[in-house]
Amino acid sequence: MPTITAARYGKDNIRLLKTDRDPKTGVHTVTETIVCVLLEGDIESSYTRADNSVVVATDSMKNTVFILAKQNPVNPPELFAATVGSHFISKYAHIHVANVSIVTKRWVRMEVDGKPHPHSFVKEGEEKRNVVARVSRREGIALNSGLSDLTVLKSTGSAFHGFVRDEFTTLPETWDRIMSTDVDASWDWSVFPNLKAVQTAAPKFDRAHAAARNITLKWFAEDNSASVQATMYKMSDDILKAVPEVSKVYYSLPNNHYFELNLSWHKGIKNTGKDAEVYVPQSNPNGLIKVEVARDGPSSKL
């Protein structure tokens, strides 16, 4: 008889917005998130014998997330993810692992007449803050934090030359080009033994996110980049230095191309090389560069 080797189930796309109101100042803070909960445990019989007695309804999971959001802080999201996951493994004896992912949208306080408004906000692009938690009875709480959809561009300070050239190569070398990407970065924390340890570490999560974001932007802007690979390694190295509790950093950076446009066919207009001013954005295909950088790990065997 076929054997189930892995199974999990749950509720995805649980959307919620929480407003925190300071009664003394009248200042509001809003947090909009999308939560996914996937449970693992002694649930095989629900697949093999149609036994629903081991199934926590996914609708109940949705309700639980809303109630926990009312009863607990949703910031930092690492803490909320650990809180949600810990609830499920403590509430249900047959559930051994809760996987919780949280995507937080970036709402920034609006400025009106040069002053921050107490209850109005602006959504800054598509940038998101991400957290993935694996809360396990046996293995503790593993957290991965990150950011995604942070689109950046610089109009100089990027080169690409010295790469392999053979009979398949048409790409010219360049010593100056537009560089653009959609940043997807994340970092693993050292495993936490329990929810209390996550609660104790809570102040570090926002600081780490701010540091990783600032490091990413600073290296992107200031590095005289020889390649996306070279720049993303410098970003990873600095995050590991800035946040000692982080064990590994991940980057995935698509290379959003903007190609020079040859306009010499019209009255000899110069628009290439040092004369380039008009470029053509490309949708696809695009380069995609990824890296994982661990803290003082064994030598790579790639």
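Since we're looking at a predicted model, the values are computed, not measured. Starting from 1, each residue takes its place in the sequence as its number. Just so you know, these numbers use all the heavy atoms, side chains as well, and skip hydrogens, waters and symmetry mates.
No side-chain donor from either of Asn286 and Asn255 sits under 3.5 Å from a side-chain acceptor of the other. Between the side chains of Ser145 and Glu78, at least one donor-acceptor pair of N or O atoms lies under 3.5 Å. Side-chain atoms of Tyr251 and Thr216 form a donor-acceptor pair, as typed in the model, at a separation below 3.5 Å. Side-chain contact annotation: Asp188 with Ser247, donor-acceptor N/O pair under 3.5 Å absent. Looking at Asn72 and Thr83, their side chains never bring a donor and an acceptor atom within 3.5 Å of each other.
Heavy atoms of other residues, nucleotides or ligands lying less than 6.0 angstrom from CZ of Arg15 number 12 at most. The 12-atom threshold is exceeded at NZ of Lys18, counting heavy atoms of other residues, nucleotides or ligands nearer than 6.0 Å. For Asp113, the CG atom counts as loosely surrounded, since its 6.0 Å shell holds 12 or fewer non-hydrogen atoms of other residues, nucleotides or ligands. Counting heavy atoms of neighbouring residues, nucleotides and ligands inside a 6.0 Å radius, atom CD of Glu111 exceeds 12 of them.
The main-chain N or O of Val246 is found under 3.5 Å from a side-chain atom of Arg295 such that the two form a donor-acceptor pair. Here the side chain of Arg49 pairs no donor or acceptor atom with the backbone of Glu44 at under 3.5 angstrom. Side-chain atoms of Arg165 come within 3.5 Å of backbone N or O of Leu171 as a donor-acceptor pair. Put simply, the side chain of Ser190 gets close to the backbone of Glu245: a donor and an acceptor are under 3.5 Å apart. Although no hydrogens or angles enter the test, the distance criterion places a donor-acceptor pair under 3.5 Å between the side chain of Asn271 and the main chain of Glu277. Side chain of Asp149 to backbone of Lys128: no donor-acceptor contact under 3.5 angstrom is found. Here the side chain of Thr33 pairs no donor or acceptor atom with the backbone of Val35 at under 3.5 angstrom. Side chain of Lys154 to backbone of Phe220: a donor-acceptor contact under 3.5 angstrom is found. In this structure, Asn214 contributes its side chain and Ala210 its backbone to a donor-acceptor pair below 3.5 Å.
Listed by chain and number, the residues in a ring pair (Phe, Tyr, Trp, His ring centres under 6.0 Å) with His117 are His119 (sequence neighbours excluded).
Ionic pairing of Asp237 and Lys241 is present here: one or more N-O contacts between side-chain nitrogen and carboxylate oxygen are shorter than 4.0 angstrom.
The OG1 atom of Thr64 lies 4.5 Å from the NE2 atom of His87; values are rounded to the nearest 0.5 Å. Between atom OG of residue Ser46 and atom CG of residue Asn52 there is a gap of 7.0 Å, rounded to the nearest 0.5 Å.
In terms of heavy-atom proximity, Gln199 sits nearest to Pro203 at O-CD, 4.3 Å. Across every non-hydrogen atom of Ser136 and Ile89, the tightest pair is C-CD1, 4.2 Å. Looking at every heavy atom in both residues, Ser227 comes nearest to Ala230 through OG-N, 3.0 Å.
Between Trp187 and His209, the ring planes are tilted. Angles from 30° to 60° get that label. The aromatic rings of His94 and Tyr92 lie perpendicular to each other, with more than 60° between the two planes, well past the 30° mark.
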*What do the steps show when you test Asp206 against Arg129 for salt bridge (Lys or Arg N to Asp or Glu O under 4.0 Å), and what is the final call?*
CA-CA 10 Å; Asp206 284 348; Arg129 178 173 175 176; 2.8 Å; yes
*Begin with the C-alpha distance, continue with both residues' side-chain angles, and end with the deciding distance and a verdict on side chain to side chain contact (heavy atoms under 4.5 Å, CB included) for Phe80 and Val131.*
CA-CA 10 Å; Phe80 187 53; Val131 172; over 6 Å; no
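A 4.5 Å side-chain heavy-atom check between Thr181 and Val152 finds at least one atom pair inside the cut-off. Residues Met110 and Phe121 are not in side-chain contact: their nearest non-hydrogen atoms beyond the backbone lie 4.5 Å or more apart. Using a 4.5 Å cut-off on side-chain heavy atoms (C-beta onward), Trp265 and Leu263 make contact. Residues Glu173 and Phe163 form a side-chain contact, since some pair of their non-hydrogen atoms from C-beta on lies under 4.5 Å apart. Asn130 has its side chain out of reach of Ser186: every pair of non-hydrogen atoms, C-beta onward, lies at least 4.5 Å apart. In this structure, the side chains of Val30 and Glu32 stay at 4.5 Å or more apart for every pair of heavy atoms. Within the 4.5 Å cutoff, the side chain of Val183 has no heavy atoms near those of the Leu217 side chain. The closest side-chain heavy-atom distance from Glu40 to Asn99 is below 4.5 Å.
Residue Val243 is grouped with residue Val249 when hydrophobic side chains (ILVMFWY) are merged at heavy-atom distances under 4.5 angstrom, including chains of intermediate members. Placement of Leu38 and Val84 in two distinct hydrophobic clusters is found when ILVMFWY residues are connected by side-chain heavy-atom separations under 4.5 Å, directly or transitively.
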Listed pairs under 3.5 Å, donor-acceptor, residues 54-63 side chains, sequence neighbours left out:
unit_1 : atom_1 : unit_2 : atom_2 : d
Thr58  : OG1    : Lys11  : NZ     : 3.4
Asp59  : OD1    : Lys62  : NZ     : 2.8
Asn63  : ND2    : Asp59  : O      : 3.4

